[in-house]
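The figures here come from the full heavy-atom set of this structure, side chains too, leaving out hydrogens, waters and symmetry mates. Note on naming: letters A, B, ... go to the chains in the order of the sequence lines (proteins, then strands), and numbering restarts at 1 for each one.
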Protein chains: 2
Amino acid sequence: MGNPTIYDVARTAGVGVGTVSRVLNNSTRVSPETQEKVMSAIWALGYRRSKVARQLSTGIQHRNIGAIMPYITPPSFVERLRGIQMALSHQDNDFNLILYTVSEPDRQREQLLTIIDQSTVDGLLITALNISDEERSLLTQAGIPFVLLSDECNGENNCISPDNIQGGALATQHLLQLGHRRVAYVGDAFPNNYGIPTSELRYQGYLSALESYGIAFNSNYVALGVHGEEAAYTLTQALLNLPEPPTAIFAMSDIQAVGCIQAIRAAGLRVPEDISVIGFDDVQLSRYVGLTTIRQHLEQSGYMGMQTLLEMLNTPDQVLPRQLPPLELIVRGTTQPFNPVQGAG
Amino acid sequence: MGNPTIYDVARTAGVGVGTVSRVLNNSTRVSPETQEKVMSAIWALGYRRSKVARQLSTGIQHRNIGAIMPYITPPSFVERLRGIQMALSHQDNDFNLILYTVSEPDRQREQLLTIIDQSTVDGLLITALNISDEERSLLTQAGIPFVLLSDECNGENNCISPDNIQGGALATQHLLQLGHRRVAYVGDAFPNNYGIPTSELRYQGYLSALESYGIAFNSNYVALGVHGEEAAYTLTQALLNLPEPPTAIFAMSDIQAVGCIQAIRAAGLRVPEDISVIGFDDVQLSRYVGLTTIRQHLEQSGYMGMQTLLEMLNTPDQVLPRQLPPLELIVRGTTQPFNPVQGAG
DNA sequence: TACTATAGTGGAAGCGCTTCCACTGTTGAA
DNA sequence: TTCAACAGTGGAAGCGCTTCCACTATAGTA
């Protein structure tokens with residue numbers, strides 16, 4: 001039937017289970033010959049000792065924290081993960097960090113169910129993922145505390161997320177203050193597959209900033225597509241081909257901002273002399289590239305998320321209100337005041 | 001004494017253990033009143049059900065793979081991690097990936113011991129870390145297969161690592177072929193704390209390339225420091241202040257190359273017009289920055305490492321020889337042919 | 001020679017759950 | 001009224017280990 005147990009090994013070797021266990025834990029007090037017999041029985045049966053049984057009988061308490069996120073491709077996920085890791089290693093507790101990847105949105109529910117069923121984790125950090133009410137209650141029922149490290153909390157507690165609307169406004173205001181009037185927005189098409197409304201929220205901020213400056217909305221200046229540098233590149237090309245191209249672009253993420261910049265340069269134009277570009281996130285890369293952006297302290301968010309979860313694990317049924325990491329305008333080299341000459345272009 | 005068990009709950013609630021278990025697994029067939037009693041007993045005792053016992057009795061087999069690495073700060077670790085993740089999710093097995101961070105080299109042994117003692121993992125992926133012979137034999141004794149994802153194999157099996165000497169030579173040759181003769185090397189001081197000889201190996205490649213071109217070695221052109229952009233920045237400043245500054249720099253990593261470039265620009269010089277810079281790794285960032293570099297397919301290495309480990313887990317005692325991911329010169333915008341005018345500078 | 005250490009071993013108990021079987025009441029159909 | 005069906009419950013067995021106690025055989029000591 002199933003896998004061989006220590007009893008099978010004992011029987012095969014013609015010894016007692018105690019002896020087998022002693023060999024397994026290379027304790028003393030086993031004669032070389034017996035050791036030999038046991039080893040060959042183990043080998044013959046292909047025996048592998050059960051982690052779980054061992055843990056139960058030795059009383060080892062394993063505590064696992066799961067971090068679940070989409071493929072860790074975008075730098076913004078990596079930064080959060082780094083913060084998560086850090087918070088965990090700063091506490092001197094022996095939690096294990098288990099990494100889960102949701103490769104396809106459809107599989108999210110299934111993966112959560114597996115995690116719950118197999119009681120793998122003591123707590124869950126849900127990053128850049130939206131969870132349904134059903135999933136939420138499944139977790140609650142199973143007694144698994146979780147914190148959301150997302151871009152939208154919907155009034156949810158135990159959630160770390162910045163004010164993306166405000167952030168979008170901040171970025172747009174920066175461009176408007178510099179005198180730009182033809183300001184474009186490059187972002188993800190919304191709603192996206194994972195149900196994360198980041199792009200939509202930042203777009204709302206963009207709109208409100210335009211409005212507060214009394215600038216008429218121009219739908220030509222809104223370019224939406226899949227997430228990533230390549231799509232941003234293509235969208236920007238289209239923007240540049242407009243009869244009246246924008247003089248400034250707000251890209252909803254740094255990665256997309258980089259795509260914009262590349263497209264602008266490929267078109268023989270300069271950043272920021274001809275077109276200003278501002279991003280969002282302030283990932284590591286942005287410092288190297290010298291990108292003006294909105295810093296949202298991603299690493300710190302991850303850190304806060306893990307801290308919150310650890311607190312919840314220590315004192316159950318604790319409810320911590322939403323925490324908003326601060327947003328900050330970081331002016332580097334990709335934005336500059338509007339130059340009237342440029343408007344003529 | 002220890003934590004309350006299901007028996008304590010049953011006694012407190014005045015019911016049988018079966019009933020408590022039924023409540024816990026919210027199965028049917030428990031009357032609302034009983035449910036209520038059990039719940040309040042659970043609450044009163046602060047009962048939390050044991051993962052391990054549950055897993056043992058339900059026969060759930062958990063298989064864990066640990067990935068152990070230094071703080072995941074350098075992008076090169078992240079890229080490998082991404083490959084590791086990918087390989088795991090492509091197989092449809094239900095392994096969990098546990099992330100371990102070695103924050104200080106001194107704690108490495110201790111952490112490995114904990115992992116072994118608590119029998120947490122079925123296999124281990126050791127990334128960018130050197131392990132001693134003792135640690136090696138501890139793992140072997142404990143029957144935990146592992147693969148090294150490192151920069152040096154020392155003739156070791158089950159190890160994925162590129163030929164760093166060749167890579168160093170490749171980078172240097174590229175600069176020499178472009179006509180540069182004053183070529184500097186910027187890298188980590190060796191040996192480093194984790195015992196990883198990456199810098200030393202690439203430096204050897206640098207030396208051999210110089211030699212094959214018959215160029216006299218100049219120790220002023222070797223700048224060693226801690227890993228990272230900042231140190232590279234400082235080292236480059238010193239290089240630029242030399243009476244005869246180099247006309248080209250080989251930085252041992254892309255991150256350091258970025259530091260070099262920033263220092264060069266800060267000094268009012270241009271890349272590559274005044275000084276050429278080549279990096280190593282080809283991390284994501286490098287594409288955005290337009291850096292000439294040596295691609296070592298980090299993500300693919302991670303992928304190969306995980307695949308190898310999975311094979312070892314399926315067919316124990318398998319020994320796979322060292323695998324060398326290919327190295328490739330990627331010419332982008334930070335190197336150009338030596339310009340005699342520049343030599344005068 | 002008689003006794004005590006001690007090396008070497010077998011096996012029961014126990015880790016904290018789940019699950020199955022047995023049991024008691026209660027309901028509703030015949 | 002009698003019986004089957006079933007909701008609701010208790011508790012033993014078992015998951016695969018470790019560990020402790022009991023036991024035997026041998027070596028060492030007086």
Side-chain angles (χ1 to χ4, degrees), chain A residues 1-39 41-42 45-64 116-120 122 142-144, chain B residues 1-39 41-42 45-64 116-120 122 142-144:
Chain A
M1 265 279 297
N3 293 327
T5 73
I6 202 173
Y7 284 94
D8 300 319
V9 175
R11 203 180 318 114
T12 306
V15 300
V17 286
T19 303
V20 176
S21 181
R22 258 164 252 136
V23 171
L24 251 19
N25 298 304
N26 53 26
S27 91
T28 50
R29 307 212 163 187
V30 178
S31 75
E33 308 89 69
T34 311
Q35 181 133 359
E36 181 54 39
K37 278 193 296 184
V38 172
M39 288 310 281
I42 286 175
L45 292 170
Y47 167 80
R48 304 183 2 147
R49 120 174 107 181
S50 151
K51 265 200 317 284
V52 178
R54 182 166 141 83
Q55 284 169 181
L56 180 59
S57 77
T58 51
I60 290 173
Q61 286 293 349
H62 263 273
R63 308 198 73 188
N64 299 330
I116 294 172
D117 270 10
Q118 311 199 337
S119 58
T120 327
D122 297 282
I144 299 178
Chain B
M1 264 281 297
N3 293 327
T5 73
I6 202 174
Y7 284 94
D8 299 319
V9 175
R11 201 179 320 114
T12 307
V15 300
V17 287
T19 303
V20 176
S21 180
R22 258 165 252 137
V23 172
L24 251 19
N25 297 304
N26 52 28
S27 93
T28 51
R29 308 213 161 186
V30 179
S31 76
E33 310 89 68
T34 312
Q35 182 134 358
E36 182 55 39
K37 279 193 295 183
V38 172
M39 288 309 280
I42 286 175
L45 294 170
Y47 168 79
R48 305 185 1 147
R49 121 174 104 182
S50 151
K51 267 202 315 283
V52 179
R54 181 167 142 83
Q55 284 169 180
L56 180 59
S57 76
T58 51
I60 291 172
Q61 287 292 350
H62 263 274
R63 309 197 72 187
N64 299 330
I116 294 173
D117 269 10
Q118 311 199 339
S119 57
T120 328
D122 298 287
I144 299 178

Novice: Does A/R49 reach the side chain of A/V9, with side-chain heavy atoms less than 4.5 Å apart?
Specialist: no
Novice: With a non-hydrogen cut-off below 4.0 angstrom, is B/G18 in contact with a base, only sugar-phosphate, or nothing?
Specialist: base
Novice: I want to confirm an ordering. Mapping B/T19 and A/P4 to their closest nucleotides on DNA chain D, which one lands closer to the 5' end?
Specialist: B/T19
Novice: Quick one: A/N3 CG to D/dG14 P, roughly how many Å, whole number?
Specialist: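 Going from A/N3 (CG) to D/dG14 (P), I get 19 Å.
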Novice: Taking the side chain as everything from C-beta on, heavy atoms only, tell me whether B/L56 gets closer than 4.5 Å to B/V52.
Specialist: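 Side-chain contact under 4.5 Å: no.
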Novice: By nearest atom, which of the nucleotides D/dG11, D/dC17, D/dT19 is closest to the A/R54 side chain?
Specialist: D/dC17
Novice: Quickly work out the B/D117 CG to D/dT18 C1' distance and round it to whole Å.
Specialist: 14 Å
Novice: Respond yes when some side-chain nitrogen or oxygen of A/T34 is under 4.0 Å from OP1 or OP2 of C/dT9, and no when none is.
Specialist: yes
Novice: Between A/V30 and A/Q35, what is the shortest heavy-atom contact and its length?
Specialist: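 Taking every non-hydrogen atom into account, CG1-N, 3.9 Å.
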Novice: Measure OH/B/Y7 against C1'/C/dT18 and give the value in whole Å, please.
Specialist: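 Going from OH in B/Y7 over to C1' in C/dT18 covers 10 Å.
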Novice: Taking only side-chain nitrogens and oxygens of B/S21, does any of them come within less than 4.0 Å of OP1 or OP2 of C/dT18?
Specialist: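 Indeed, a polar side-chain atom of B/S21 lies that close.
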Novice: Hey, does A/V15 reach any base, or is it just sugar-phosphate, or nothing, if we go heavy atoms under 4.0 Å?
Specialist: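 If one applies the 4.0 Å heavy-atom cut-off, A/V15 turns out to touch the sugar-phosphate alone, with no base involved.
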Novice: Reckon A/S31 has a side-chain N or O less than 4.0 Å from the OP1 or OP2 of C/dT9?
Specialist: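 Checking A/S31 against C/dT9: at least one side-chain N or O falls below 4.0 Å of OP1 or OP2.
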Novice: What is the distance, to the nearest angstrom, from the CD atom on A/E36 to the C1' atom on C/dG8?
Specialist: 17 Å
Novice: Provide the closest heavy-atom pair for A/D122 versus A/H62 in the form atom of the first, atom of the second, distance.
Specialist: OD2-O, 3.8 Å
Novice: For the pair made of CG in A/L56 and C1' in C/dG14, what is the distance, rounded to whole Å?
Specialist: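 Spelled out: CG on A/L56 to C1' on C/dG14 is 9 Å.
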Novice: Return the value, rounded to whole Å, for the distance between atom CG of A/D8 and atom C1' of D/dC15.
Specialist: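 Distance check: A/D8 CG to D/dC15 C1' gives 13 Å.
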Novice: I need the CD1-P distance between A/I60 and D/dG16, as an integer number of Å.
Specialist: 19 Å
Novice: So which nucleotide from D/dC17, C/dT18, D/dT19 ends up closest to the side chain of A/Y47?
Specialist: D/dC17
Novice: What nucleotide, of D/dG14, C/dG11, D/dA12, holds the atom closest to the side chain of B/V17?
Specialist: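 Side chain of B/V17 sits closest to D/dA12.
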Novice: When B/Y47 is tested against each of B/V20, B/N3, B/I6, B/D8 for side-chain contact (heavy atoms from CB on, under 4.5 Å), which residue passes?
Specialist: B/I6
Novice: Between P on D/dT9 and CZ on B/R22, what's the gap in Å once rounded to a whole number?
Specialist: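 The distance from CZ of B/R22 to P of D/dT9 comes to 8 Å, rounded to the nearest Å.
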